[in-house]
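Order of listing sets the numbers, starting from 1, for every ligand and every atom in it.
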Amino acid sequence: MKTITQILTEVVSDAFEKCGYDRSLGNVTVSDRLDLCQFQCNGAFSAAKQFRKAPFMIADEVSAVLSENPVFEKAVTCKPGFINMTVKDSFLLELFNEIAGDKFLGTPQAENPDTIVIDYGGPNVAKPLHIGHLRSAIIGESLKRLARACGYKVISDVHLGDWGLQIGLVIAELEERNPEWSCFDASFTDGKIPELTADMLNEIYPFASKKSKTDEEFKIKAHQATADLQNQRPGYIALWKEILRVSIADLKSNYEKLGVDFDLWYGESDADKYVDELVETLTRKELLYESEGAMVVDVSLETDNAPMPPVIIKKSDNSSIYATTDLATIIQRNKDFSPSKIWYVVDKRQDLHFTQVFRCARKAGLVPVDTELALLGFGTMNGSDGKPYKTRDGGVMRLSDLLETVTDAAVSKLNKSEYVTDENHMDIAGKVGVAAVKFGDLINHRSKDYIFDLDKFLSFEGKTGTYLLYTVTRINSIIKKAQYDKTTYNVDNLYTDTERELILTILLTGEVFRRAMEEKAPNYICENAYKLAVIFSRFYHDNHILSEEDEAKKNNWMSLIAFTRKLIMKHLDILAIEAVENM
Ligand code: ARG
């Protein structure tokens, strides 16, 4: 389905052409002064340069043609050469009813709906999920849903950090504590591995990590364990599988609370089988060379104005590192899915790593030249001191602790509501809390840092998840009170200005979705959801729907707000925010 601005752009382009100018001048945008007009076109200014004529003269010619068109209520020139347009209500309603009956609710569908792989989440096995990974999960999940809503086939991959030093540290520490476990026997082939728990891992990793910083001998052991694991030592592989089992179960339960889910639970280890092919390709293309005992690839460019270190493919002990697994994973993704885009939702401070990886992938031709490889880097979530958000004692905040804090805050916030009963209190608070955190994050452009301000996020006013959920509950209650149960929508008359504004915002939503997709930026979805909620509130304030006696009017209005709810819910769904019935 075409969006309203696309339709009008065609109409205005035709008019330019009819007047003897270029079609490309007819681009129509929404006016930011609805009191003056709804749409505008600034093409006469470019035409003026090309044809050496005053802009308003060209605008006049085009407006005259547009005025003949039944779509417009008015199309006029505004000096020095803007074309200002307002369309007829009948045209708005025709489009509204079309969108209301459209299964995509007017979201433009991709012309070439190819495959996108999105790599987000990126938790590390054996390390507790901390808030550094929160943004990746929140932003990645919403980009996945956005791309799907635009018709793309999207594959989400959590890309677990399951193959690096953190596992070596845990294995080395477990070995020091339990040398008698059969898996530590060099001759181990198979046998039972003692059961581990998430709590054990949560304790052991920080302990081992700290120890490796002061205890050189232990550090060497951990590195050795990592290399041995990567070289498939059977006892370590068996233990690693147990660590993975426990860790993944724990991660899944945390992601579930956030409404985040992945198609693939691949890890860095799954790339291992492509490492030989990677090394072979890099060797064949004469890109790999030795430097200080390691095997590296030069990825610098003449145009670089900062030093660009070579990317390390194999360390001197033949172990793989972060870049190795990322490159091998590109081979795997290309083989399995031939994606047209691979997006990485990762902390923007990893920019250098990804620049190296992408350049190396291009040099080696690991993907076709037109495959997009993009880092969608995000900024940090800061505390009120402007520094990365920490626990009270200065440690890294665990995601589970954060969710608890947020739910507690929501619990006290909701106490005053008549709808919140003892039974549903915790459930509603949990949802409101998660909505607050997610919206508080997604409303910022992903690349920006922002301050985690729970009070503000939980406020019933302003651009918050709480306000949106609250708006949905208000619509729910109107619909319930009116005993309105229609699920198809039809509006055949416009009675008031706010109603027109609401319809116009609904019609412009498709454009917002397109832009969000183009810029890979869910913040536009947040802004639009907020806008719909605000205009709905104004509409509801101005028009007394429930007491309206004119049946036809009332039906139109009910249809409009029911559809508004549906559209807001679609926004929430893309943001992976769950609504509540009452609050
Ligand atoms: N595990 C990594 C980290 O904690 C993030 C992984 C991001 N994805 C990737 N393909 N490198 O920093």
Side-chain angles (χ1 to χ4, degrees), residues 116-141 143-144 154-170 201-202 205-206 209 226 240 243-244 247-248 250-251 254-255 260 262-272 274-275 278 299 311-313 320-334 336-337 339 341-361 366-367 371-381 388-389 396-399 446-447 520:
I116 307 178
V117 172
I118 310 190
D119 176 320
Y120 65 97
N124 298 311
V125 166
K127 292 193 199 174
L129 198 59
H130 64 81
I131 55 157
H133 295 105
L134 177 69
R135 294 209 73 188
S136 179
I138 293 180
I139 299 165
E141 181 67 23
L143 284 168
K144 174 184 81 179
V154 187
I155 294 160
S156 59
D157 183 358
V158 70
H159 200 72
L160 284 176
D162 64 351
W163 209 223
L165 181 61
Q166 82 271 22
I167 308 277
L169 285 163
V170 172
L201 293 178
N202 287 345
Y205 171 76
S209 163
T226 313
W240 168 77
I243 298 174
L244 223 60
S247 234
I248 290 179
D250 189 44
L251 289 168
N254 270 298
Y255 281 133
V260 170
F262 299 93
D263 300 315
L264 300 177
W265 276 80
Y266 286 167
E268 294 174 355
S269 64
D270 289 290
D272 199 52
Y274 299 91
V275 171
L278 171 69
V299 287
V311 52
I312 301 175
I313 304 295
S320 299
I321 61 160
Y322 194 33
T324 326
T325 52
D326 261 327
L327 285 159
T329 303
I330 292 180
I331 300 181
Q332 173 257 318
R333 289 176 177 159
N334 193 50
D336 291 355
F337 312 114
K341 308 173 202 301
I342 308 179
W343 293 350
Y344 299 80
V345 185
V346 184
D347 191 319
K348 69 180 177 194
R349 288 171 295 186
Q350 292 194 21
D351 180 49
L352 176 65
H353 164 77
F354 283 99
T355 305
Q356 290 179 308
V357 166
F358 296 164
R359 284 187 185 181
C360 183
L366 302 185
V367 284
T371 303
E372 179 186 7
L373 297 173
L375 168 64
L376 313 186
F378 53 80
T380 40
M381 175 172 131
Y389 194 69
V396 179
M397 177 75 118
R398 289 215 202 136
L399 187 67
R446 61 178 153 71
S447 64
K520 303 158 189 141

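Under 4.0 Å from ligand 1, not a single heavy atom of Asp347 appears. Contact annotation: for Asn124 versus ligand 1, heavy atoms closer than 4.0 Å belong to the side chain alone.
Counting only distance, with no hydrogens or angles, the side chain of His159 and the backbone of Glu268 share no donor-acceptor pair below 3.5 Å. Without hydrogens or angle criteria, Thr355 side chain to Asp351 main chain gives a donor-acceptor distance under 3.5 Å.
For Asp157 and Arg333, the salt-bridge test passes: some basic side-chain N is under 4.0 Å from an acidic carboxylate O.
Closest to atom 12 (O) of ligand 1, if we only count protein heavy atoms, is Gln350 NE2, 2.8 Å. Tyr322 OH, 3.3 Å is the protein heavy atom nearest to atom 6 (C) of ligand 1. For atom 8 (N) of ligand 1, the nearest protein heavy atom (residue, atom name, distance) is Asp119 OD1, 3.1 Å.
Close N/O approach between Phe354 and ligand 1 is not found [any backbone or side-chain N/O within under 3.5 Å]. Checked by distance only, ligand 1 and His353 stay at 3.5 Å or farther apart across all their nitrogen or oxygen atoms.
Near Val346, with a cut-off below 4.0 Å to any heavy atom, the atoms of ligand 1 are 7 (C), 8 (N). Atoms of ligand 1 lying under 4.0 Å from at least one heavy atom of Tyr344, given by number and element, are 10 (N). Below 4.0 Å from some heavy atom of His159 lie the following atoms of ligand 1, by number and element: 8 (N), 9 (C), 10 (N).
Val357 places a side-chain heavy atom less than 4.5 Å from the side chain of Ile330.
Checked by atom type, the side-chain pair Tyr205/Gln166 shows no donor-acceptor distance below 3.5 Å.
Each of Leu160, Asp119, Ile155, Val158 was scored for a side chain to side chain contact (heavy atoms under 4.5 Å, CB included) with Phe262, with one residue passing: Val158.
Note on ring orientation: taking the six-membered ring where Trp is involved, the planes of Phe354 and Tyr344 are tilted (angle from 30° to 60°).
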